[in-house]
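Okay, structure first, notes after.
Values below: every heavy atom of this structure, side chains too, minus hydrogens, waters and symmetry copies.
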Amino acid sequence: MFLCYPPIVETLFYFLAFLQILLGAYLIWQAVQWLGYVRRRLHTDSGFYAPRVAVLCPCKGIEPGLERNLLSLTEFVRQNYEIFFILASDADPARGIVDRVAASSRVKAHVIIAGSPSNSGEKVNSLRVAVEQLPPEFEVFVFADSDGRPGKNWLHNLVAPLGDVRIGATTTMRWLIPNRGDLPTALLAAWNAPMVTMLSEKGRNFCWGGGTAIRRSIFEQSGVMNEWKNSVSDDYSLTRALDRNNRSIVFLPECLTRSYVESDFRGLLEFTNRQVLITRVYADKVWGPAAFTHLLYCTTLLLGVVLIASDFLQQRPAFHIATLTFLPILLSLLRSSIRLIGVTECLPAERSQIMGQAWIYILLPVLLPFFYVMNFVNSLVTRKIHWRGMAYELIGPEQTQIIKS
């Protein structure tokens with residue numbers, strides 16, 4: 001009979017569904033814990049630590065809202081910092097905008113031309129060159145991205161907790177807000193959303209390159225420059241250096257950074273495949289559990305749909321199968337909703353815009369595990385990535401080959 005299945009298939013489905021429901025319930029509990037931490041942080045005084053800070057922002061090419069993004073780095077509510085905009089080439093299309101922002105900045109701004117890399121990622125090379133040129137008076141380094149738009153209190157909130165010498169680094173995460181309503185842009189924003197809840201109060205946090213602060217002394221003691229020497233990932237390599245020296249990384253949700261994005265399908269695939277492959281090379285202990293979790297979800301859902309169709313065609317009751325199939329989806333919706341509540345509390349000025357696009361952050365994640373699985377498969381079959389006009393082969397965490405420039 002059409003779509004007839006042996007009993008062992010249904011038994012397998014029950015087992016997988018049970019695992020998925022348990023996992024979903026655990027992730028809901030984690031999301032609630034995360035929301036509680038967000039609310040505690042939002043009501044915590046950052047402190048008064050105000051050292052001399054160097055804000056380093058690599059730039060390459062023109063991207064949506066670039067000038068406004070860079071201007072936001074000049075508007076922080078504190079005076080004790082200088083900005084260093086870093087370009088790989090003097091002929092970069094962003095040079096005119098960078099010069100204009102630097103010239104109009106109310107704080108001292110510098111433009112550094114780093115040159116082309118030889119055995120590392122272009123962004124990593126730019127950061128290494130800039131750090132080497134920093135005068136000794138700068139006590140703290142802050143790393144920012146040109147596609148982020150932090151708020152006016154961002155710098156103070158990110159740096160002040162470093163007054164506690166037990167902290168290795170502070171970090172935050174981006175929240176992507178679509179500039180337009182097309183599918184690839186929506187998928188990109190939805191794909192990135194779960195990254196916010198990967199960072200927590202007590203979890204094994206990692207540094208995000210678009211928003212990390214670290215004392216210069218800890219940066220040097222941890223050997224970050226050496227870790228960067230042959231790397232393509234500035235943030236994962238920084239994380240590895242801190243982990244090796246048993247330095248903690250504190251997540252600061254109050255510093256959540258807006259990033260206004262737009263993409264086509266090619267850009268979507270390039271970004272998502274790159275992120276997952278970099279994770280596999282630099283953080284395989286994160287990649288493995290994530291791959292298993294998404295594969296379990298997809299397998300359970302597909303198997304449930306097949307069983308429901310089979311029961312329907314055979315005119316057999318399928319309510320129990322349908323319930324077990326769609327309960328994980330409900331748990332996913334709840335988890336995404338909790339995440340969105342926390343994000344809108346972190347970004348109150350953007351609450352109306354984010355809630356107006358809530359379907360992107362709540363409904364699309366239900367199907368995104370299938371997209372993630374495609375990214376995981378890609379990371380198994382290739383070690384090549386494309387990043388802002390450059391192509392790299394990631395031979396290992398400490399070995400990068402530039403394919404073209």
Side-chain angles (χ1 to χ4, degrees), residues 41 44-58 73 76-86 107-110 112 114 123-145 148 150-173 199-229 231 233-257 282:
R41 284 298 320 175
T44 299
D45 184 83
S46 297
F48 301 98
Y49 181 57
R52 190 72 173 149
V53 176
V55 177
L56 296 95
C57 179
L73 300 179
F76 295 130
V77 185
R78 62 177 292 146
Q79 299 295 320
N80 202 19
Y81 76 101
E82 295 181 20
I83 307 169
F84 296 81
F85 297 115
I86 316 150
V107 297
K108 192 170 184 179
H110 312 261
I112 297 174
K123 182 183 179 184
V124 172
N125 181 70
S126 293
L127 289 172
R128 291 185 75 247
V129 170
V131 168
E132 287 173 346
Q133 296 183 20
L134 291 179
E137 69 221 39
F138 292 104
E139 301 172 54
V140 168
F141 301 155
V142 169
F143 305 109
D145 279 348
K152 294 183 184 297
N153 294 308
W154 183 85
L155 186 60
H156 174 70
N157 290 339
L158 195 66
V159 170
L162 294 178
D164 183 346
V165 296
R166 296 170 298 178
I167 295 176
T170 58
T171 195
T172 188
M173 183 47 68
L199 298 165
S200 63
E201 179 178 12
K202 299 177 181 178
R204 194 175 181 84
N205 291 328
F206 55 89
C207 294
W208 171 55
T212 289
I214 183 172
R215 284 175 177 265
R216 185 178 199 146
S217 57
I218 292 178
F219 181 91
E220 294 173 348
Q221 291 166 12
S222 300
V224 178
M225 290 289 276
N226 188 60
E227 191 77 30
W228 274 353
K229 188 177 297 183
S231 171
S233 175
D234 56 312
D235 39 22
Y236 270 132
S237 292
L238 174 57
T239 301
R240 287 165 61 89
L242 290 171
D243 284 348
R244 191 168 51 248
N245 288 271
N246 295 316
R247 297 286 189 176
S248 64
I249 300 169
V250 176
F251 168 53
L252 302 178
E254 64 268 35
C255 297
L256 199 64
T257 304
Y282 289 87

Which atom of [X] lies closest to which atom of [Y], heavy atoms considered:
| X | Y | value |
| --- | --- | --- |
| Leu158 | Thr170 | O-OG1, 2.6 Å |
| Trp154 | Ala144 | CH2-CB, 4.3 Å |
| Ala169 | Ile167 | O-CG2, 3.4 Å |
| Ser222 | Arg244 | O-NH2, 4.0 Å |
| Ala213 | Val142 | CB-CG2, 3.8 Å |

Is it true that a side-chain atom of [X] and a backbone atom of [Y] form a donor plus acceptor pair closer than 3.5 Å?
| X | Y | answer |
| --- | --- | --- |
| Thr172 | Leu256 | yes |
| Asn80 | Pro51 | yes |
| His156 | Phe48 | no |
| Thr212 | Phe143 | no |
| Ser231 | Glu227 | no |
| Asn245 | Arg247 | no |
| Asn205 | Ile249 | yes |
| Thr171 | Val250 | no |

(message) Under the side-chain contact (heavy atoms from CB on, under 4.5 Å) test against Val55, which residue among Tyr81, Phe85, Phe141 passes?
(response)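 Passing option: Tyr81.
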
Between [Y] and [X], is there a side-chain heavy-atom distance shorter than 4.5 Å?
| X | Y | result |
| --- | --- | --- |
| Arg41 | Pro161 | yes |
| Glu254 | Asn153 | no |
| Pro150 | Leu73 | yes |
| Asn125 | Val129 | yes |
| Phe76 | Val107 | no |

(request) Please state whether the rings of Trp228 and Phe219 are parallel, tilted or perpendicular, taking 30° and 60° as the class boundaries. (result) perpendicular

(request) Would you confirm whether the ring centroid of Phe138 sits within less than 6.0 angstrom of the ring centroid of Phe84? (result) yes

(message) Tell me whether Arg52 at atom CZ has more than 12 heavy atoms from other residues, nucleotides or ligands lying less than 6.0 Å away.
(response)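 Yes, because the 6.0 Å sphere around CZ of Arg52 holds more than 12 heavy atoms from other groups.
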
